[in-house]
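Have a look at the structure below before the remarks.
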Amino acid sequence: MTMLLPKFELHQPATLDEAVALAALHVDDFDLLSGGTDLLPNYKCGLNARHNVISLAHIAELKHIDGHSIGAGVTLTEIERNTDVPRSVADCARHIASPLLRESGTLGGNLMLDNRCHFFNQSYFWRRSLGYCLKANGDRCHVVPQINEGGKSVLNDKVCVATHSSDLAPMLIALGAEATFISTAGKRTLKLNDFYWGDGIERYERKPGEILVQVTLPKWAHEVRSGWKKLAPRQSIDFSVVGVGAALELDGNKVRALRVALGAVDTTPVLFDFSRLEKRKDAGHYLLMDPYKNMPEVLGKTLDDALIETVAKHVQTQAQPKLNVPMAPDYRRKMCGVLTRRLLTQLRDGPAE
Amino acid sequence: MSKRLLKFIVNGRQAEVAVEPHHTLASVLRNELNLTGTKVGCDMGTCGCCTVHIDGKAKLSCLTLALECQGAQIRTIEALNEYEMHPLQKAFAECGGSQCGYCTPGFIMKSCELLERNPDPTREEIQEALAGNLCRCTGFMKIYDAVEQAAGELRRKETPKPAPAKV
Ligand SMILES: Cc1cc2nc3c(=O)[nH]c(=O)nc-3n(C[C@H](O)[C@H](O)[C@H](O)COP(=O)(O)OP(=O)(O)OC[C@H]3O[C@@H](n4cnc5c(N)ncnc54)[C@H](O)[C@@H]3O)c2cc1C
Ligand code: SF4
Ligand code: FES
Ligand code: FES
């Protein structure tokens, strides 16, 4: 079966400065292309294609990797084989997509992955037959057709709940990573967690023409125990339908810090920072989950089975997977708890990094 | 969007083709260069049929823009049997690792990259390396057998024969 790409102009800058200038020139009508493993399938389905594609594949500045920072152009295979990054990060990369896709797919593309939904990731023909949805060409949502407004049930023409399915995003957020972007306005660095925001269309707080340069890990990320668990229909090729990344700092057997981040259950990765230092930005909608509602106190307590169970229950209770990726939401919600429990037990009992 | 000249090396020979920016490497190999050994299964990254080597790395040609391969070295299944069948091809035939054959070029190109990187892989390493290739016929076991057999064959070929004893 051949899936044709729509026509576009391809720009192939050799430096970051050229790429920034091109992005500024084509303001509203460009997409960045790194490995292309997410953008090209979406283009083949006719999903929001633009007339200009700016390739980042030939920019050497984006390809640096060490234990402290990872360039946006570093491939998933390179991350997987790197021994300087925390083991959890390499392990997370090793479970993304398939070996063939990881050879092309990059960190930048992974963090900026488009959200997924049964009604969105379909061919043009398929979507036209059912009627387009909010995220591409349409005016309604097939997953949550009605919302409650002022006590009345009205047509949902506002909120898209498409799932954010990147694996590295929650893992890096759990480790407290920061992201650096560049545009004609200069560079800016922010907490990766603060970057993700909003519904399945908005997804992140990105200024016009911004390009992700690199992700940096704090020293803390190398000192704590961290790990990754993922649920997917098959162990290879498939996207996660639940992903759990965690970073745990112990003082003897007492919890000094704990950060758990969920992937693939909401419109952005969701961080549960049990130190309550970081919040989820208010996306202004009740369809999106609030990790800090009724959050149990865990700091300073002994990490016994009961405490792990409390944490896992909390994560499970707050998670609100939607019926828009494979596997039933009830099952995925339960697995949020199960994977959290397994991961924390493994981190507690395993050797410290 | 106008055509541009793509110059690259395909199976050791210099090739020049005029391609449009939205053409994939798979379509250029098959439609312009007539190298139809590379198959297109899903065209969406999920099956591995279209695997070729780009600068020594096994990648999906259906998700690679042709113009992104400017100056690159491409190797396709056609390169493996220029003079005689490659040990991987022989082993796939002998072990029943190829039935309808549609997935075979992809499996062989990925296996070939694996064996160049790791001449003596364990069964588990073979399974992991081939985790992005789908086969609907063989049930995979015969494919893993074939890769093991070919790996042995290639190792035997590489080890130089002991020098004849001096009389
Ligand atoms: C069959 C299949 C299975 C997959 N399974 C998984 C999975 O299990 N887990 C997972 O996380 N992903 C999965 N993916 C998605 C994808 O392969 C990876 O996330 C990969 O890392 C994407 O990187 P890329 O460089 O190919 O992205 P691209 O397709 O090049 O880009 C993706 C998006 O990011 C933007 N972008 C890229 N680089 C930058 C930058 N530097 N700055 C700003 N924006 C940028 C692009 O504009 C585009 O919108 C899968 C894909 C396929 C086809
Ligand atoms: S969640 Fe609704 S609006 Fe968003 S992609 Fe799915 S169907 Fe479309
Ligand atoms: S045709 Fe390229 S992966 Fe299926
Ligand atoms: S031999 Fe038929 S798909 Fe593999």
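Protein chains get the first letters and strands the later ones, always in sequence-line order, with residue 1 at the start of each.
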Legend entry - Contact residues of residues 120-139 of chain B (partner chain A; heavy-atom separation under 4.5 angstrom): E128(B), A129(B), A131(B), G132(B), N133(B), L134(B)
Inset, instruction - Give a yes or no on whether a salt bridge exists between D238(A) and R234(A), defined as a side-chain N under 4.0 angstrom from a carboxylate O. - result: yes
Legend entry - Side-chain donor or acceptor of R4(B) paired with backbone N/O of V19(B) under 3.5 Å: no
Legend entry - Note: K135(A)-D114(A) ion pair, threshold 4.0 Å (strictly below): yes
Inset, instruction - Could you tell me whether E78(A) and R102(A) make a salt bridge, using a distance below 4.0 angstrom between a side-chain N and a carboxylate O? - result: no
Legend entry - Portion of L39(A) that has a non-hydrogen atom of chain B nearer than 4.5 angstrom: neither
Inset, instruction - With a 4.5 angstrom heavy-atom cut-off, could you sort out which part of E9(A) is near chain B: side chain, backbone, both or neither? - result: both
Legend entry - R127(A) to F119(A), cation-pi by 6.0 Å centre distance and 45° axis angle: no
Inset, instruction - Can you label the angle between the Y132(A) ring and the Y124(A) ring as parallel, tilted or perpendicular, going by 30° and 60°? - result: tilted
Inset, instruction - Using a cut-off of under 4.5 Å on heavy-atom pairs, state which of L5(A), L101(A), L40(A), L100(A) scores highest against chain B. - result: L100(A)
Inset, instruction - Could you tell me which of A57(A), P99(A), S236(A), S98(A) has the largest number of non-hydrogen atom pairs under 4.5 Å with chain B? - result: P99(A)
Inset, instruction - Go through the atoms of T51(B) and report whether side chain, backbone, both or neither lie under 4.5 Å from a heavy atom of chain A. - result: side chain
Inset, instruction - Could you check if a side-chain atom of I79(A) sits within less than 4.5 angstrom of a side-chain atom of V89(A), using non-hydrogen atoms only? - result: yes
Inset, instruction - Among the options K59(B), H23(B), E68(B), K110(B), pick out the one with the most heavy-atom pairs lying under 4.5 Å from chain A. - result: E68(B)
Inset, instruction - Decide, yes or no, whether a salt bridge links K57(B) with E113(B) under the criterion of side-chain N to carboxylate O below 4.0 Å. - result: no
Legend entry - Between H11(A) and H26(A), ring centroids under 6.0 Å: yes
Inset, instruction - Go through S2(B), C47(B), A58(B), G106(B) and name the one with the most non-hydrogen pairs under 4.5 angstrom from chain A. - result: A58(B)
Inset, instruction - Let me know if C62(B) has heavy atoms under 4.5 Å from chain A in its side chain, its backbone, both or neither. - result: both
Legend entry - Whether F107(B) and F92(B) hold their rings parallel, tilted or perpendicular, with breakpoints at 30° and 60°: tilted
Inset, instruction - Please flag which part of E20(B) lies under 4.5 Å from any non-hydrogen atom of chain A: side chain, backbone, both or neither. - result: side chain
Identify all side-chain donor-acceptor contacts of residues 9-18 of chain B below 3.5 Å with residues at least two apart in sequence or on another chain.
{"unit_1": "N11(B)", "atom_1": "OD1", "unit_2": "T76(B)", "atom_2": "N", "d": "2.8"}
{"unit_1": "N11(B)", "atom_1": "ND2", "unit_2": "T76(B)", "atom_2": "OG1", "d": "2.9"}
{"unit_1": "R13(B)", "atom_1": "NH2", "unit_2": "E82(B)", "atom_2": "OE2", "d": "2.9"}

Legend entry - Among the listed options S55(A), G35(A), C45(A), G36(A), the residue most often paired with chain B at heavy-atom distances under 4.5 Å: S55(A)
Legend entry - Which portion of K7(A) sits near chain B, non-hydrogen atoms under 4.5 angstrom: both
